[in-house]
There are 2 protein chains.
Amino acid sequence: MARLSSADRREAIIHAALRVIQREGVHGATTRAIVAEADMPLASFHYAFRSRDEMISELIAYVVENEGRAATATLSGGHDIRTAVRAGLQAYFDTLSTDPSREQAMFELLHYALRTDELSELPRAQYRMYRRTAGDVLSAGAQLAGATWRLPLEDVARLLVTFISGLTLAWLADRDDAAAAKTMDFAADSISALAEVASAATSSDTGTTPNNTEQHSKENTQ
Amino acid sequence: MARLSSADRREAIIHAALRVIQREGVHGATTRAIVAEADMPLASFHYAFRSRDEMISELIAYVVENEGRAATATLSGGHDIRTAVRAGLQAYFDTLSTDPSREQAMFELLHYALRTDELSELPRAQYRMYRRTAGDVLSAGAQLAGATWRLPLEDVARLLVTFISGLTLAWLADRDDAAAAKTMDFAADSISALAEVASAATSSDTGTTPNNTEQHSKENTQ
DNA sequence: GTCTATAAGGAGATAGAC
DNA sequence: GTCTATCTCCTTATAGAC
């Protein structure tokens, strides 16, 4: 392992800590477990970080910055918006069911931060990141489908994040794939009903939106 | 405090533990903190429970059995289903924002159970209880509004629980009341669109369903 | 039966040898 | 600079006095 720069060592510790948290939970991520995972002596931890909480704080900031991917890759044109939203949800769900410990760790870190005074601003940032990521995907998806959102993008993004959070939590609790599929079907219906076809003409004779029927969402009261 | 039966002592400890968990989090609920809250000597804890995990297990089972209330009370007739659903969501949200630590504790306990082998079945029971409670409210609400659900009740209940979980988590993270209100508006629209007026006639000239327009939810694929 | 006093171990953090 | 060895505190759990 030899000589590492201070920054490298901090990053190595953060990555090791993330692996430990995914495997054992936040509770099991003791300084000893982390340095064992990173194959370092215990003292290196406090050489790199002043305290365990400082490390956790940097770790959450790190994952909040670097975990905004997943669903983006699967976007492709030629589909109506309902199909695109459903496919995006499925892509997310596939990453979830392939590696549940990742999302489980994100939840645990959120709750840990909520209970720690100095970290109490981080959950807000975490959710802001979720919404931004969702907004990016929704924006790109609408463009590819030739549609526009009837609500502000950030509102649609928040609703999508609400679905995804609820879906993830329920699936982590009961591991019911069929139930998750039903939830995703409903979410795709509800979210895509907030879009309208942007370009021209009748929307139903192109065969691209067979399942979207009219729904006038009530104006938000707030 | 004097002499308590074994069952009374267990219950006193569980209630004290719940208070500590709401105040300090699951992590802070040490045996010492709990017996201090219950005003008992430390040894009483292990006189009543074999281990801390056994107590936590009983505690989760207890809250899963006894936390199925909240929204039911506010049900009243004379409203259309959309209004009823929205009011139910608001009633839930009011209890959430009055005492956030209660729902925060429920989440923490869920994640604790997910990480503890002997407790890994409890999250499933916890969600089953959520869905049953939601189903009861939805069933009663539909009856009062003179409507029926076009999907199986348990499916609608699961979707409502998805909304509530996502809503709760987001609000705990960012405390954005206005955003929560928008989410509830959308949830009320989407859920109530799954109902249809049961009894007779035109549904729009009574003035009871001014905001519900048709939405044919796609048949579930699963 | 009940509680004081203590055992046994794990945690974060650091002094001081190299 | 780096790491071994240790300090101090706090945890769960229990032995044994009353």
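Every chain is numbered from 1, with letters handed out A, B, ... down the list of sequences.
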- prompt: What class does the angle between the rings of A:Phe163 and B:Phe163 fall in, given that below 30° is parallel, 30 to 60° is tilted and above 60° is perpendicular?
  reply: tilted
Residues A:Arg131, B:Asp174: salt bridge by 4.0 Å N-O rule: yes
- request: In whole angstrom, give the distance that lies between atom CE of A:Met55 and atom P of C:dA11.
  value: 14 Å
Output one line per pair: protein atom, nucleotide atom from nucleotides 13-18 of chain D, and distance, for all N/O pairs under 3.5 Å.
{"from": "D:dA13", "atom 1": "OP2", "to": "B:His46", "atom 2": "NE2", "distance (Å)": "2.7"}
{"from": "D:dA13", "atom 1": "OP2", "to": "B:Arg52", "atom 2": "N", "distance (Å)": "3.0"}
{"from": "D:dA13", "atom 1": "O5'", "to": "B:His46", "atom 2": "NE2", "distance (Å)": "3.2"}

message: Looking only at the side chains, is there a donor atom on one of B:Tyr127 and B:Ser165 sitting less than 3.5 Å from an acceptor on the other?
response: yes
task: Check DNA chain D against residues 112-121 of chain A and give the residues with a non-hydrogen atom under 4.0 Å, in numerical order.
output: none
query: With distance as the sole test, does B:Thr133 use its side chain to make a donor-acceptor pair with the main-chain N or O of B:Met129 at under 3.5 Å?
result: yes
message: Under a 3.5 Å distance rule, please check whether A:Ser139 uses its side chain to pair with a backbone N or O of A:Gly135 as donor and acceptor.
response: no
- request: Check the side chains of A:Asp117 and A:Ser120 for a donor-acceptor pair under 3.5 angstrom, ignoring hydrogens and angles.
  value: no
- request: Report yes or no: does B:Arg86 contribute a side-chain atom to a donor-acceptor pair with the main-chain N or O of B:Ala188 at less than 3.5 Å?
  value: no
- request: Measure from CD1 on A:Ile34 to P on C:dA11 and round the result to the nearest Å.
  value: 11 Å
task: Without swapping roles, check the side chain of A:Thr116 against the backbone of A:Tyr112 for a donor-acceptor pair under 3.5 Å.
output: yes
